[in-house]
Number of protein chains: 2
Amino acid sequence: MASEFRNNPVRVSCHECPLRLRSHFRPFSSEELDFVSHFKRGELNADPGSTVLVEGSHSAHLYTVLQGWGFRYKILEDGRRQILNYVVPGDMVGLQGAVMSEMQHSVEALTPITLCVFERNRLFTLFQKHAGLAFDLTWLAAREESILDEHLLSIGRRTATERAAYLLAFLFERGRVAGLLDEERRHVPVTQMHVADTLGLSIVHTNKTLKKLAERGLIRWLDRGCEVLDPEGLQAVANWSPGDPKLRPFI
Amino acid sequence: MASEFRNNPVRVSCHECPLRLRSHFRPFSSEELDFVSHFKRGELNADPGSTVLVEGSHSAHLYTVLQGWGFRYKILEDGRRQILNYVVPGDMVGLQGAVMSEMQHSVEALTPITLCVFERNRLFTLFQKHAGLAFDLTWLAAREESILDEHLLSIGRRTATERAAYLLAFLFERGRVAGLLDEERRHVPVTQMHVADTLGLSIVHTNKTLKKLAERGLIRWLDRGCEVLDPEGLQAVANWSPGDPKLRPFI
DNA sequence: CGCAGATTTGATTGTTGTCAATGATAGTGG
DNA sequence: CCACTATCATTGACAACAATCAAATCTGCG
């Protein structure tokens, strides 16, 4: 459950970042990579279940996910929890805290996760010196907004079955693009409690809803997660389709 | 229902923009105002009920709200509608369409509304020449994200009564800060249909829920809108409070 | 006046939550 | 290796909440 901060002198430079080779990221100039390398402060490793960022905190850092799954959430005083969105490699975390005063949500690791740690107070330099990277930040924020819009539509107006189908299709697609899924074992690492807290349903009703999807051959529920058997089928049930995968930035 | 585009030669320059005088906006430098004046293409006026921006469109423009109320929404194929958020003076609209390929949601006027129209293809110049304004754009996007997070928490995990109280407290606060509310007539210009489509409830159940709030003396329902009698009471019911009003940017 | 949109109300149906209990599995310490 | 525990998944019975159906009122407006 511990999390480890490595201000790692032998860490891989951003120039050799293995993630950057993936085809869906836009290529960076050498100057941009120099800056990002300098901007980077270290890496943070966290185990499943551990909290990476806490609501209300005034973090001096900003993060990019390098490896693994995580999720953002908020809780009410009496413990009711709402999962807001999931994070995968390439996603930025903590921009809210960096731009505004404090974090309005928490972040927890779903699998072992690695984050790049950036210096919050050098963010303005990024805006001054690298308009392209600044634009990328805005791009990422706009995309997060459009995902949240879809989640709102889902929770507000889709039925329980549609919601569940949407969520699993969505997670499958995110995992697929981020390269987190084996081709044979298309395993999305969430428990039914995570699904329930994302969809705004009770755990019992979530279980019954997922069972229906499994009976229709769309998914199979595994130990601590879900194997997606028929992504297109899920999309059809939810009446949702992922946008065409554009080239995306990765800071 | 018509909307009117004025490429108005006699329009007020951004230097004399009456909105900018309001105390919650950060002061702009003269260079910034020069740029924004140049960036601005004209003004758009729309009547209540008219659609300002359509989901799926590929707009060449970007907007800032100058006057009035509006809202963003998405609809499913069978007509189910989800209102995502409301816009008030100072809010930016259409950034998604500008940064990504096309609009993922629509925008409709709630009252007579006036928007500043900006040139989308000059957005990158803004990033290159005015880091401060670029930072402001990111700030606005991050703030929108944090509002959507709270909406998600609300729809997903609050009860119908809490949701309604949250929404009205939220709208009251936004209207108050934006200077849209008279001190005597604290009138939020939404119908119960808007409330229902924001909260993810049916119109009938919304009506019954609002009636309870009215019976508790928290609100009074008027012709086409809601008078907020006790904002703190609503906040207490919802277990929500607005963050301290920071100085915000306005482009 | 007559119309359209908005609000209100009661009756009924259906979905979802809560309660309670049972398995299943993995990890822990003896 | 085996009880012991904790977490996760599953199931049935029942209660609560919210949707749907249907109808009536009310309002502003042409």
Side-chain angles (χ1 to χ4, degrees), chain A residues 1-2 47-50 71 76 78-83 108-112 154-165 167-168 187-215 219-227, chain B residues 1 47-50 76 78-83 108-112 154-165 167-168 187-215 219-227:
Chain A
M1 287 295 174
D47 290 332
S50 65
F71 62 92
L76 291 169
D78 62 2
R80 283 175 284 177
R81 178 176 77 165
Q82 177 65 40
I83 294 182
E108 185 174 317
L110 212 43
T111 64
S154 211
I155 299 193
R157 287 304 185 206
R158 282 194 243 251
T159 65
T161 307
E162 291 170 341
R163 273 186 242 184
L167 177 63
L168 295 172
H187 185 247
V188 178
V190 289
T191 66
Q192 297 190 357
M193 182 63 101
H194 292 121
V195 175
D197 283 349
T198 311
L199 302 182
L201 298 171
S202 72
I203 177 79
V204 174
H205 196 66
T206 297
N207 178 274
K208 290 168 182 168
T209 304
L210 290 172
K211 197 182 177 188
K212 282 187 211 162
L213 293 180
E215 279 164 0
I219 62 169
R220 182 162 51 195
W221 204 264
L222 307 175
D223 179 23
R224 294 165 57 88
C226 170
E227 182 177 9
Chain B
M1 286 296 174
D47 289 332
S50 65
L76 291 170
D78 62 2
R80 283 174 285 177
R81 178 176 76 166
Q82 178 65 41
I83 294 181
E108 184 175 317
L110 213 43
T111 64
S154 209
I155 300 194
R157 286 305 184 206
R158 282 194 243 252
T159 66
T161 307
E162 290 169 341
R163 273 185 242 185
L167 177 62
L168 295 172
H187 184 247
V188 177
V190 289
T191 66
Q192 297 191 357
M193 182 63 102
H194 292 121
V195 175
D197 283 349
T198 311
L199 302 182
L201 298 171
S202 73
I203 178 78
V204 174
H205 196 64
T206 299
N207 178 272
K208 289 167 183 169
T209 304
L210 289 172
K211 197 183 177 188
K212 281 187 212 162
L213 292 180
E215 277 164 2
I219 61 169
R220 181 163 52 195
W221 204 266
L222 306 175
D223 179 24
R224 293 166 57 87
C226 169
E227 182 176 9

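Quick note on labels: first sequence line is chain A, next is B, and so on, each numbered from 1. Please read all numbers here as calculations on a predicted model, not as lab measurements.
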Suppose we screen for salt bridge (charged side-chain N to carboxylate O under 4.0 Å, His left out). Which residues come up paired with B/Asp223, at least two apart in sequence or across chains? none
With five pairs defining each end axis, the helix from C/dC1-D/dG30 to C/dG30-D/dC1 comes out bent, to 10°, by 40°
In whole angstroms, the gap separating C1' of D/dA19 from CD1 of B/Ile203 amounts to 13 Å
Atom pair distance, as rounded to whole Å: NE2 in A/His205 and C1' in D/dA13: 16 Å
Sequence neighbours left out, what passes side-chain hydrogen bond (donor to acceptor under 3.5 Å, both in side chains) with B/Arg220? Give chain and number order. B/Glu227
Atom-to-atom span, CG of A/Leu213 to P of D/dT10 - whole angstrom: 12 Å
With the threshold set at under 4.0 Å for non-hydrogen atoms, list the residues of residues 187-200 of chain B touching DNA chain D in residue-number order. B/Gly200
When rounded to whole Å, the NZ to P distance for the pair A/Lys212 and D/dT10 reads 15 Å
Check each of A/Leu213, A/Leu210, A/Leu168 against A/Cys226 using the side chain to side chain contact (heavy atoms under 4.5 Å, CB included) test, and report the only one that passes. A/Leu168
Taking all heavy atoms of A/Val195 and all of A/Trp221, pick out the closest pair and write down the distance. CG2-CH2, 4.0 Å
To the nearest angstrom, how far is A/Lys208 atom NZ from D/dT11 atom C1'? 7 Å
Round to the nearest Å and state the distance from B/Arg163 atom CZ to D/dC17 atom P. 13 Å
Spatial distance of atom NE2 (B/His194) from atom CD1 (B/Ile203) [nearest 0.5 Å]: 10.0 Å
Rounded to whole Å, the CG-C1' distance (B/Asn207 to D/dC21) equals 15 Å
Students should find that the nucleotides of DNA chain C closing off the region near chain B, any atom under 4.0 angstrom from a heavy atom, are C/dA6 to C/dA11
Who pairs with A/Thr209 by side-chain hydrogen bond (donor to acceptor under 3.5 Å, both in side chains), at least two apart in sequence or on another chain? none
With rounding to the nearest 0.5 angstrom, report the CG to CD distance, A/Asn207 to A/Gln192. 4.5 Å
Run the salt bridge (charged side-chain N to carboxylate O under 4.0 Å, His left out) test against B/Arg163 and tell me which residues pass, sequence neighbours left out. none
Go through the structure and list residues passing side-chain hydrogen bond (donor to acceptor under 3.5 Å, both in side chains) with B/Thr159, not counting sequence neighbours. B/Glu162
Could you state the CD-C1' distance from A/Glu215 to D/dT10, rounded to the nearest angstrom? 12 Å
Mapping A/Arg157 and A/Trp221 to their closest nucleotides on DNA chain D, which lands nearer the 5' end? A/Trp221
Of all pairs that satisfy salt bridge (Lys or Arg N to Asp or Glu O under 4.0 Å), the ones with a partner from residues 196-211 of chain B, not counting sequence neighbours: A/Arg157-B/Asp197, B/Arg81-B/Asp197
Counting primed atoms, P, OP1 and OP2 as sugar-phosphate and everything else as base, the B/S/- map of nucleotides 23-30 of chain D against protein heavy atoms under 4.0 Å is -----S--
Taken in chain and number order and not counting sequence neighbours, the residues that satisfy side-chain hydrogen bond (donor to acceptor under 3.5 Å, both in side chains) with A/Thr198 are A/Tyr86
Report the residues that fulfil salt bridge (charged side-chain N to carboxylate O under 4.0 Å, His left out) with A/Glu108, sequence neighbours left out, ordered by chain and then residue number. none
Tell me if the CZ atom of A/Arg80 is crowded by more than 12 foreign heavy atoms within 6.0 Å. yes
Working to the nearest 0.5 Å, report the span between CG of B/Leu110 and OG1 of B/Thr191. 8.0 Å
